[in-house]
Amino acid sequence: MALLSAAFYKRDTVQVARELLGQRLVRVWRGKRLSGVIVETEAYLGAIDRAAHTWNGRATERVRSMYLAGGHAYVYQIYGLHFCLNVVTRQSGEPEAVLIRALEADSPLKAATNGPGKLCSALRIDKRLDGESLRGPTIFIERARRSLPNEEIGISPRIGVDYAGEAAEWPLRFFWRGNPCLSRRERRSKDGA
DNA sequence: CTAAAGATTGGCT
DNA sequence: GCCAATCTTTAGC
């Protein structure tokens, strides 16, 4: 399977977040291949986005890898317990990223991957992978299929960013509609979440 | 230096 | 629905 190209990641963050749906995240750990298909993502839009770690131009040590060129990993620890994996987008110096929120795990992976912390635990992703290339030997993303058609992509506000004021309402969460491995169950009501 | 919160999760009422 | 776990980062003084 072909890796997603370097150019794929250097585009508009929302576009990358949508097109990552259906592609396969692969982690090579102790000679084993741990992988799953991406079914849920969120876009984080840099300085203008109060929900993003790089809001208002923040450039602290933690977020250094968000300033790398698109196609690198940004991994951070949350609540002292969990790690979250992000795909850095756009050009170097443009600190935007896509949070990977859920996977549909490939066999023989057994652990749950329906949440950003859970998928990192299942794929053995931690701070050591922060800043790594996503076209490297230990972690990469393969094209597993064509982009999903629009009607299969659900859209909602992002999860867990209530502190972000107006940005908390922005429709920047994308998910594969009806997939059983989403971090939250898809509601059938009109709000489309 | 000190304090508070967090892009979460799992367990319990 | 509510809350604690657990610790790094960040904001504030």
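Side-chain atoms are counted along with the backbone in the values below, which use heavy atoms only and exclude waters and symmetry mates. Just so it is clear: chains get the letters A, B, ... in the order the sequence lines come, proteins before strands, and each one is counted from 1.
Rounded to an integer number of Å, the gap from Tyr79(A) OH to dT9(B) P is 10 Å. Protein atom CZ of Phe83(A) is 14 Å distant from nucleotide atom C1' of dG6(B), rounded to whole Å. The distance between atom CH2 of Trp55(A) and atom P of dA11(C), rounded to the nearest whole Å, is 9 Å. In this structure, Leu81(A) atom CG and dG11(B) atom C1' are separated by 14 Å, rounded to whole Å. Summarising the geometry, the separation between OH on Tyr76(A) and P on dG6(B) is reported as 12 Å, rounded to the nearest angstrom. Between the P atom of dA5(B) and the CZ atom of Arg50(A) lies a distance of 14 Å, rounded to the nearest Å. Taking atom OH of residue Tyr163(A) and atom C1' of nucleotide dT9(C), one finds them 13 Å apart after rounding to whole Å. Summarising the geometry, the separation between CD on Glu61(A) and P on dA11(C) is reported as 14 Å, rounded to the nearest angstrom.
Considering only side-chain N and O atoms, Arg58(A) lies under 4.0 angstrom from the phosphate OP1 or OP2 of dA11(C). Between Lys118(A) and dG10(B), a side-chain N or O to OP1/OP2 separation shorter than 4.0 Å is present. The side chain of Thr60(A) contributes an N or O atom lying less than 4.0 Å from OP1 or OP2 of dT10(C). A sub-4.0 Å separation between OP1 or OP2 of dT8(B) and a side-chain N or O of Arg101(A) is present.
Nucleotides dG12(C) and dA7(B) place their P atoms 16 Å apart, quoted to the nearest Å. Atom C1' of dA5(B) sits at a distance of 15 Å from the matching atom of dC3(C), rounded to the whole Å. Here, dT2(B) and dT6(C) have their P atoms 23 Å apart, quoted to the whole Å.
The shortest heavy-atom contact between Tyr44(A) and Val161(A) is OH-CG1, 3.7 Å.
For dT9(C), the paired nucleotide is dA4(B), the pair qualifying as Watson-Crick or G-U wobble because both relevant distances are below 3.5 Å. In this entry dC3(C) has dG10(B) as its Watson-Crick or G-U wobble partner, both defining distances falling under 3.5 Å.
Position along DNA chain C of the nearest nucleotide to Gly80(A) versus Val63(A) favours Gly80(A) as the more 5'-ward residue.
Among the atoms of the strands shown, none is found under 4.0 Å from any heavy atom of Arg158(A). No contact: Glu42(A) has no heavy atom under 4.0 Å from any strand.
Within the 4.5 Å cutoff, the side chain of Arg18(A) has heavy atoms near those of the Ile155(A) side chain.
Using a 3.5 Å distance cut-off with no hydrogens or angles, the side chains of Glu19(A) and Gln23(A) do not pair a donor with an acceptor.
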Going through the distances and angles, do Arg173(A) and Glu40(A) end up as a salt bridge (charged side-chain N to carboxylate O under 4.0 Å, His left out)?
-> CA-CA 7 Å; Arg173(A) 171 174 173 249; Glu40(A) 181 178 337; 2.9 Å; yes
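Here the side chain of Arg158(A) pairs a donor or acceptor atom with the backbone of Ala43(A) at under 3.5 angstrom.
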